[in-house]
Each structure stands twice: as C-alpha cells, then as structure tokens.
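The next block holds one structure in the form of structure tokens; read it before the comments.
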Amino acid sequence: MKKRQKKSILIFLTIIAFFPTHLRAKSVWIIKSSILHRNVPVEIYMPSDYIVSKTFPLVYLLHGYSENYTQWGKITDCQQLADEYQMIIICPEGYVSFYLDSSVDYTSHYESFFFQELVPKVHRELSVDKNNIFISGLSMGGYGALRLFIRHPQYFNTAGSTSGAVDMDYSLFLPISMIFWGNTRMTDDLVKVLGPPNFWKDNSISSILRGDREFHRDFIFDCGKEDPLFMSSKGLKDSLDKWNIPATFITGPGTHNWDYWKKSIPHHFIFFKQHLKN
C-alpha cells in the first residue's frame, strides 16, 4: 500500500514538474483603466524558464485595426518567440485608438493609458531589463509602435513596424476601407480619433519626425510590395534617408495579411536581439 501511494505521489509530482512553466508562461491581465474608462485586457507571454531573480528583455506587440489583443497569438507562436529570444511579450488591447491620445474623444487617450497605467503595472509585476524594452506592431499597431517610440525614445531601446499605417491620409484610407470592409468604417473611426481629415497629416510618422529633428534613432520597418500601404512606407524610407535617420527598411513579395506578418515578425525579433544592451 505504501509503495503504491509513493508511486502515485511520484507520478503526480512529475506531472506538476512538467507542466507548470507552460501554464504560467501565458497569462491575461485585465487592467481597470480610469483613463480609457473601461477594462483593458492584456496578453502576456513569458519565457518558459522565467524566474523573478533574473531580468528579461521586453517586447510590446501591438495589434492591427479591427482586431484585438489576441491577434498576435493567432498569427504566430508567441510562446516560441518568448522562449527562443528569452523575451517577455506583452500584447495589449488597443481598440481602434491608433495608440494615440485623441484630440476629440477624451475616452480614447491611449498613449496616456500606455505610459501611466500599463507600463507601471508591467514594471511592478514582471522582471524587466529596463535597458532592453522594444515595441512593434502591424498595420495600425505598426503606426502606434513607431509613434510611441519616437515620442518616448528614453523608454524604448528600439522599435519595429510591419505593414504600418504610417501616413495618415484620408485619400489612402478610404479606398482601403472599401476594399477590406466594403464600407467607410475605418475612416469613420479615424474621424472619431483624429477629427476632420484635414488634420490627419499632422499625425503621420513623417510629420512627427519633421517636428523632432533631434531624433536619429535606428529602427526596423517593412512592407510587402503588393500591400496598399507600400508606397507610404517607401515614402517614409525616402524621408528618413533625407534626414539621415538610420532606419532599416525591408521589402519583398507580400500583401496586407496574416501570412505576410507571420513571416515578417521574426525579423523584428532578430533585429531586437542584435540591439540588446548589456
């Protein structure tokens, strides 16, 4: 009887030892935001060998328009990326905010939420290497990643953008909205965030950089040649070259879809690994 009991305990402990790191590796926070006036879900992936006595680099991954905080976990194996690169991955809900503080909607001050509520919680609860904090995203999230990096370079090591909506242009977004959704939902949402279209250009990445000529940090961005956002990405690269900003631009076959982003995001993690600081 005692031998059978010991054997059962041993099997139980073996199961516990095998599974818990994977159970703990992915989690979801719900942040009760007083800034956004709602509960904000955030998906977290930690390296399977995460321990609190060691600090880890951190990557924020921002989702695209019309998607949510679970998008990156569906596009690629975020747990594998966290394990391979030994980085914590944070995927916050971004709604249709474009990750900025709206000038027309006080309940859509996302940049304020990011730095006043999300970032403090991240650093309270996780062992983060403060010298190695990165950010990237796709489409709307690619825009948000570059915008937050440029406006807060002291917080981030570097950044990335894949298929980023880098040019806030009504004449560009209206046909894109019609192609993807068959209506004007995207431009309608942007009006709610940015106001009338004649004010949008001030929020383009090139306009933000033009207003901050001291910025000369390296980052990575990419766009497929068949993507409707390709020409705006190419235009941004031309401006960066003119201003001597050493950004890395990658292009090749691909359009605005999950297959492209699944292939593009590993390049960002490689880039981040190459930029790790001691």
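Quick note: numbers below take in every heavy atom, side chains included, and nothing from hydrogens, waters or symmetry partners.
- The environment of NZ in Lys237 is crowded: more than 12 heavy-atom neighbours from other residues, nucleotides or ligands sit within 6.0 Å.
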**OP:** Could you check Phe156 against His152 for ring pair (Phe, Tyr, Trp, His ring centres under 6.0 Å), going step by step and ending with a plain yes or no?
**Re:** CA-CA 7 Å; Phe156 299 105; His152 302 270; 7.5 Å; no

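- The number of heavy atoms from other shown groups lying within 6.0 Å of OH (Tyr106) does not exceed 12.
- The side chain to side chain contact (heavy atoms under 4.5 Å, CB included) test with Ile245 is passed by exactly one of Leu236, Asp218, Ile150, Leu209: Leu209.
- Taking the six-membered ring where tryptophan is involved, the planes of Phe215 and Phe219 are tilted, since the angle between them lies from 30° to 60°.
- Side-chain atoms of Thr162 and Asp222 form a donor-acceptor pair, as typed in the model, at a separation below 3.5 Å.
- Counting heavy-atom neighbours within 6.0 Å of Gln154 CD, excluding the residue itself, gives a total above 12.
- Using a 30° and 60° split on the angle between ring planes, Phe98 and Phe173 fall in the tilted class, from 30° to 60°.
- Around atom NZ of Lys121, more than 12 heavy atoms belonging to other residues, nucleotides or ligands sit under 6.0 Å away.
- Residues Val42 and Tyr99 are members of one and the same hydrophobic cluster, defined by side-chain heavy-atom contacts under 4.5 angstrom among Ile, Leu, Val, Met, Phe, Trp and Tyr.
- Between Asp238 and Lys234 there is a salt bridge, with a side-chain nitrogen of the basic residue lying less than 4.0 Å from a carboxylate oxygen of the acidic one.
- Salt-bridge annotation for Lys201 and Asp167: present, with a side-chain N of the basic residue lying under 4.0 Å from a carboxylate O of the acidic one.
- For Tyr155 and Phe115, the distance between ring centers is under 6.0 angstrom.
- Side-chain contact annotation: Thr107 with His37, donor-acceptor N/O pair under 3.5 Å absent.
- The minimum heavy-atom distance between Ile89 and Cys78, with the atom names listed, is CD1-O, 3.4 Å.
- Remark: the Ser48 side chain and the Asp83 side chain contain an N/O donor-acceptor pair separated by less than 3.5 Å.
- Residues Glu67 and Tyr65 bring no donor and acceptor atom of their side chains to less than 3.5 Å of each other.
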Original post:
For Glu93 and Tyr95, what are the C-alpha separation, side-chain angles and deciding distance, and is it a side chain to side chain donor-acceptor pair (under 3.5 Å)?
Top reply: CA-CA 6 Å; Glu93 177 59 58; Tyr95 308 103; 5.6 Å; no

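- Ring planes of Phe180 and His256: perpendicular class, angle over 60° (limits at 30 and 60°).
- Sorted by first and then second residue, the ring pair (Phe, Tyr, Trp, His ring centres under 6.0 Å) pairs involving residues 190-209 (not counting sequence neighbours) are Tyr170-Trp200.
- Ile220 and Ile205 fall into different hydrophobic clusters, defined by Ile, Leu, Val, Met, Phe, Trp and Tyr side-chain heavy atoms under 4.5 Å apart, directly or through other members.
- Hydrophobic cluster membership for Ile30: Val28, Tyr69 (Ile, Leu, Val, Met, Phe, Trp, Tyr linked by side-chain heavy atoms under 4.5 Å, directly or transitively).
- Residues Asp169 and Ser171 have side chains that bring a donor and an acceptor to within less than 3.5 angstrom of each other.
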